[in-house]
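Okay, so here's the structure we're looking at.
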Amino acid sequence: MNNYKNELFYKYAFVLFFIIAFFEGALIFSLIKSFDVHLKDKLALIASQIKPQKIIHNKEEILKLQQKYKIFPLYIQFIKINGKNPPNYEEGYKTDKLKAFLRDEKVLTYTIKKGDYIIKISTLYSTNDDKISIIKFISIVISFIIYLIFLLVGYKFIDSIANQIDLTFRKLKNFNSNVSHELKTPLTIMKSEIELALMNKDNIQNCEKILKDILEEINYISEITDKLLFLTKNYNKNKKFKEIDLEEIIFELYEKYGDKINFRFDFGDDEYLIL
């Protein structure tokens with residue numbers, strides 16, 4: 001039973017780990033997407049507030065925008081539109097790769113036309129890395145705690161179910177043992193009676209008595225079988241119990257087997273009532 005319980009617990013732990021890992025991955029993926037959208041919204045807000053004539057030669061304005069929107073670093077490029085032939089550009093967002101010393105960086109650029117200028121506002125995707133790393137760490141810690149809690153609850157539940165199954169098996173084992181004993185006793189008596197009849201086959205009266213005893217034992221076995229069938233048919237139905245005196249059952253057994261089996265009993269003054 002312990003092996004079965006451990007095997008069931010290991011399967012539960014694996015499935016639980018897979019489910020939590022799946023939702024953790026989905027959460028982190030949606031988190032990264034959310035930060036990307038948030039970063040794009042910030043660049044669009046900066047672009048809406050920029051006045052080229054005011055900021056083009058004023059680096060302090062760029063620093064103020066960095067502080068206000070918490071974007072570091074922030075690059076702003078102004079391209080003057082000359083005459084009737086403006087340079088080719090695509091308005092909107094664009095992602096490029098930038099060769100860095102230790103790793104390649106992804107650069108997000110938002111392009112918009114304002115008056116006589118094409119404005120390109122750029123920042124690095126790694127702007128979000130620190131925030132994402134902190135939230136990832138917190139999320140993983142919370143998921144791990146939830147995993148441990150569910151493991152503990154699952155272990156208690158599986159242990160409770162396993163104990164109930166074990167109790168049921170033990171009851172069934174005891175039941176089978178009792179039934180086997182109840183059937184073995186009359187069968188043993190029948191065997192001895194038949195052997196006695198074979199030894200005294202010339203005595204017809206004695207054989208007739210033996211056959212009656214055998215028939216009585218067969219009826220007893222049939223009665224036990226009927227009771228077992230009744231239990232299987234009415235297992236899930238409401239049962240009605242009545243109170244009986246255990247002494248009566250003992251006296252019936254004594255009258256039936258007293259001449260074949262030697263035993264002694266003493267009830268004293270106590271009453272033995274059972275359902």
Side-chain angles (χ1 to χ4, degrees), residues 7-52 54-56 58-79 88-114 117-158:
E7 182 182 353
L8 189 62
F9 177 72
Y10 292 146
K11 289 180 179 179
Y12 168 77
F14 175 77
V15 172
L16 180 64
F17 176 81
F18 178 79
I19 292 173
I20 290 181
F22 174 79
F23 281 103
E24 179 69 19
L27 177 64
I28 292 174
F29 177 78
S30 61
L31 175 70
I32 293 172
K33 287 293 182 183
S34 175
F35 270 102
D36 289 347
V37 172
H38 189 54
L39 189 61
K40 289 179 179 180
D41 291 341
K42 284 184 177 181
L43 293 185
L45 282 172
I46 291 171
S48 66
Q49 295 183 14
I50 285 179
K51 296 179 181 179
K54 182 179 178 181
I55 200 174
I56 195 168
N58 191 349
K59 293 183 178 180
E60 290 184 1
E61 292 294 326
I62 297 177
L63 294 175
K64 288 179 180 179
L65 290 172
Q66 283 189 140
Q67 292 291 339
K68 181 178 180 181
Y69 293 101
K70 307 297 180 185
I71 295 181
F72 306 96
L74 180 65
Y75 306 100
I76 301 178
Q77 181 184 7
F78 297 94
I79 301 174
N88 294 327
Y89 77 97
E90 292 182 4
E91 190 168 320
Y93 298 97
K94 185 180 179 183
T95 303
D96 297 305
K97 285 187 178 181
L98 177 67
K99 291 287 184 180
F101 176 67
L102 296 176
R103 62 175 183 175
D104 292 343
E105 291 278 3
K106 284 202 304 183
V107 180
L108 177 64
T109 303
Y110 179 66
T111 304
I112 190 172
K113 179 178 176 297
K114 250 189 174 184
Y117 291 91
I118 295 173
I119 305 172
K120 292 187 175 183
I121 306 169
S122 303
T123 189
L124 300 177
Y125 266 107
S126 57
T127 300
N128 290 330
D129 286 351
D130 292 338
K131 298 176 183 177
I132 292 175
S133 298
I134 293 172
I135 295 178
K136 272 184 183 179
F137 176 76
I138 295 173
S139 177
I140 290 173
V141 169
I142 293 174
S143 297
F144 181 71
I145 293 173
I146 292 173
Y147 180 67
L148 291 180
I149 292 173
F150 272 91
L151 272 186
L152 181 61
V153 173
Y155 178 80
K156 293 291 185 183
F157 178 75
I158 291 172

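In terms of the side-chain hydrogen bond (donor to acceptor under 3.5 Å, both in side chains) criterion, Ser34 has no residue partners (sequence neighbours excluded). In terms of the ring pair (Phe, Tyr, Trp, His ring centres under 6.0 Å) criterion, residue partners of Tyr93 (sequence neighbours excluded) are, by chain and number, Tyr110. A search for salt bridge (Lys or Arg N to Asp or Glu O under 4.0 Å) contacts involving Lys11 returns Glu7, not counting sequence neighbours. Partners of Lys68 under the side-chain hydrogen bond (donor to acceptor under 3.5 Å, both in side chains) rule, at least two apart in sequence or in another chain, are Gln49. Taking Tyr155 as the reference, Phe9 meet the ring pair (Phe, Tyr, Trp, His ring centres under 6.0 Å) condition, with sequence neighbours excluded. Remark: Val141 engages Phe137, Ile145 in a side-chain contact (heavy atoms from CB on, under 4.5 Å) (not counting sequence neighbours). With sequence neighbours left out, Ser122 forms a side-chain contact (heavy atoms from CB on, under 4.5 Å) with Tyr75, Val107, Thr109.
Here the CD1 atom belonging to Ile46 is positioned 11.0 Å from the CG atom belonging to Asp41, to the nearest 0.5 angstrom. Between Lys42 atom NZ and Leu45 atom CG the span is 9.5 Å, to the nearest 0.5 Å. Atoms NZ and CD1, from Lys113 and Ile118 in turn, are 7.5 Å apart once rounded to the nearest 0.5 Å.
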Return all side-chain donor-acceptor pairs below 3.5 angstrom for residues 146-154, not counting sequence neighbours, or 'none' if the list is empty.
{"unit_1": "Tyr147", "atom_1": "OH", "unit_2": "Ala13", "atom_2": "O", "d": "3.2"}

Side chains of residues 16-30: which donor-acceptor pairs under 3.5 Å do they make with residues two or more places apart or in other chains?
{"unit_1": "Glu24", "atom_1": "OE1", "unit_2": "Ser139", "atom_2": "OG", "d": "3.0"}
{"unit_1": "Glu24", "atom_1": "OE1", "unit_2": "Ser143", "atom_2": "OG", "d": "2.5"}
{"unit_1": "Glu24", "atom_1": "OE2", "unit_2": "Ser139", "atom_2": "OG", "d": "2.7"}
{"unit_1": "Ser30", "atom_1": "OG", "unit_2": "Ala26", "atom_2": "O", "d": "3.1"}
{"unit_1": "Ser30", "atom_1": "OG", "unit_2": "Leu27", "atom_2": "O", "d": "2.8"}

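The side-chain heavy atoms of Ile79 and Lys120, taken from C-beta on, include a pair separated by under 4.5 Å.
Summarising the geometry of Glu91 relative to Thr111, their closest heavy-atom pair is CG-O, 3.2 Å, with the distance given to 0.1 Å. Of all non-hydrogen atoms in Leu108 and Lys40, the two that sit nearest each other are CD2-CG, 3.7 Å.
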